[in-house]
Amino acid sequence: MITKQVILKKDREKSANNRHPWIFSGAVARVEGDPENGDVVDVWNSRARFVARGVYNDKSQIRVRLLTWNPNDPIDEQFWQRRVSRAVAGRLALKQNQNTDSYRVVYSEADGVPGFIADVYGPWLVVQFLSMAVERHRRTILNILVDLMEPQGIYERSDTDAREKEGLVPVAGPVWGEVPPDLIEIVENGHTFLVDVKLGHKTGFYLDQRENRERISKYFEGKEVLNAFSYTGAFSVYAAHGGATRIINVDSSERALQIAERNMLRNGFGGRDDVYAVADVFDILRAYNEARWKFDVIILDPPKFSFSKRNVEKATHGYKDINMLAMKLLKRGGVLVTFSCSGTVSRDLFQKVLFGAAVDAGRTVQIIEQLSQGSDHPILLTCPETEYLKGFVCRVW
Ligand code: SAH
């Protein structure tokens, strides 16, 4: 019998009624039953009616992470079993794909497991527990995953700031089975990549770009390409395979570029005239413009520039700057593939930023394709925050 309740303010019920999974501290009128952080609580509206059930955490701005809107749904092992099984079932087509062995199998709120991420890298799983809600149930969730996925081992990469916002200490290391090697070899659309699961970004690889990489492969035949923010060179391998004559990779991380070079070699593109430049993209775009260099194709896949609603404006200046510089660097009829992975920058806003960049660059720019995150990173309609990756393929005249 649950006796712990969070009662909502009268004018702050709408979002929970619409099945958004976050109750912010400002929406809470009262807390009853003295819940501890990590405890399951029932959320009631001001008329003492059940709204939803979730996990309480007073260390986080998100006071309750809602898990179910069904009053008869206890948060027990079967509950997590149903949620994780559903996520796994949604990836069946990917699991059976012979050309790809790596994908996101559980994506947080989008799969109804708020704060939990599990990525498949061949026989290995790399996981993140980023909220108190899932931290409290970590053993249960891991056991379910072991049963469903039968991995060789599970490695945890919860070493992110997100945990601090929940009052949790960042952690990383092996959590089940064998310990993966430092570099795991994976296959994506028939290409092989080394993935640095222990020290790389996020869980090691940008799985969310898989479908975009394949989709833009057609633009590279006979082209000179600038891959800015290249990380471990995933786009470059597709570009070389698509017939690119020369690829300039630019990233601030030397380790990422070393792996990029090894990835090119592994796919049969060693010993070419490609460049791996450790540099700041902002600086190098300016330097190339001063030197009047021109490219056929430019890929811009920067890290997140905006971390909250408060710094969106500053972030848009960064996006405008690099896009304007890149547009100027393209030959007439060249192709710009440009992304924003900032959740707080909407597709509309990103398009407006590109408009400003085109005007300032003095170039005529057409959008020829629109890109999003891969199908293994679903967007939950009731939680628009699950959408973060926006991309445009532009023809620049
Ligand atoms: N396109 C890549 C992912 C890019 S992630 C892929 O498909 O795998 C963003 C990359 O930008 C990271 O590798 C990070 O090291 C790099 N980075 C961040 N700020 C940078 C800057 N100012 N200049 C150059 N690289 C930067």
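- When each of Glu13, Lys9, Arg12 is checked for a side-chain hydrogen bond (donor to acceptor under 3.5 Å, both in side chains) with Ser46, only Glu13 meets the rule.
- In terms of modelled atom types and a separation under 3.5 Å, the side chain of Asn189 and the main chain of Glu214 share no donor-acceptor contact.
- Considering Asn227, Val337, Asn323 as possible partners of Leu300, the one that fulfils the side chain to side chain contact (heavy atoms under 4.5 Å, CB included) test is Asn323.
- Between the side chain of Asp101 and the backbone N or O of Ile186, no donor-acceptor pair lies under 3.5 Å.
- Within the structure, ring pair (Phe, Tyr, Trp, His ring centres under 6.0 Å) pairs that include any residue of residues 58-107 comprise Trp80-His137, Tyr107-His377 (at least two apart or interchain).
- Under a 3.5 Å cut-off, the side chain of Asn289 and the backbone N or O of Leu325 do form a donor-acceptor pair.
- In summary, the side chains of Asp274 and Asn249 do not present any donor paired with an acceptor at a separation below 3.5 Å, with no hydrogens or angles considered.
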Q: Please test Phe392 against Phe339 for ring pair (Phe, Tyr, Trp, His ring centres under 6.0 Å), starting from the C-alpha separation and ending with a verdict.
A: CA-CA 7 Å; Phe392 292 98; Phe339 295 97; 9.5 Å; no

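- In summary, the side chains of Thr203 and Gln128 do not present any donor paired with an acceptor at a separation below 3.5 Å, with no hydrogens or angles considered.
- No side-chain donor from either of Tyr231 and Gln209 sits under 3.5 Å from a side-chain acceptor of the other.
- Counting only N and O atoms by type, the side chains of Asp280 and Ser252 include no donor and acceptor under 3.5 Å apart.
- If you check the side chains of Thr100 and Glu188, you find no donor sitting under 3.5 Å from an acceptor.
- Salt-bridge formation is detected for the pair Glu135/Arg138: a Lys NZ or Arg NE/NH1/NH2 atom is positioned less than 4.0 Å from an Asp or Glu carboxylate oxygen.
- Side-chain N/O atoms of Ser342 and Tyr388 include no donor and acceptor closer than 3.5 Å.
- The line from CG of Asp76 to OG1 of Thr140 is 9.5 Å long, rounded to the nearest 0.5 Å.
- Phe282 CZ: more than 12 foreign heavy atoms inside a 6.0 Å radius.
- A salt bridge is absent between Asp360 and Lys328: the closest approach of a Lys/Arg side-chain nitrogen to an acidic carboxylate oxygen does not fall below 4.0 angstrom.
- For the pair Lys198 (side chain) and Pro180 (backbone), a donor-acceptor distance under 3.5 Å is present.
- For Gln366 and Trp397, the side-chain atoms include at least one donor-acceptor pair closer than 3.5 Å.
- Side chain of Gln5 to backbone of Arg30: no donor-acceptor contact under 3.5 angstrom is found.
- For the salt bridge (Lys or Arg N to Asp or Glu O under 4.0 Å) test with Asp111, the passing option among Arg83, Arg82, Arg91 is Arg91; the others fail.
- Side-chain atoms of Trp124 and Glu178 include no donor-acceptor pair closer than 3.5 Å.
- Using a distance-only test at 3.5 Å, with no hydrogens or angles considered, no donor-acceptor pair links the side chain of Asp73 to the main chain of Asn70.
- Checking side-chain atoms of Lys390 against main-chain N and O of Val345 turns up a donor-acceptor pair under 3.5 Å.
- We find that Asp208 and Lys202 are joined by a salt bridge, their nearest charged nitrogen and carboxylate oxygen being less than 4.0 Å apart.
- The salt bridge (charged side-chain N to carboxylate O under 4.0 Å, His left out) test applied to Glu164 returns no partner, not counting sequence neighbours.
- Ile259 contributes atom CD1, which lies 11.0 Å from atom CZ of Phe205 (distance to the nearest 0.5 angstrom).
- Remark: the backbone N or O of Val169 is paired with a side-chain donor or acceptor of Arg163 at under 3.5 angstrom.
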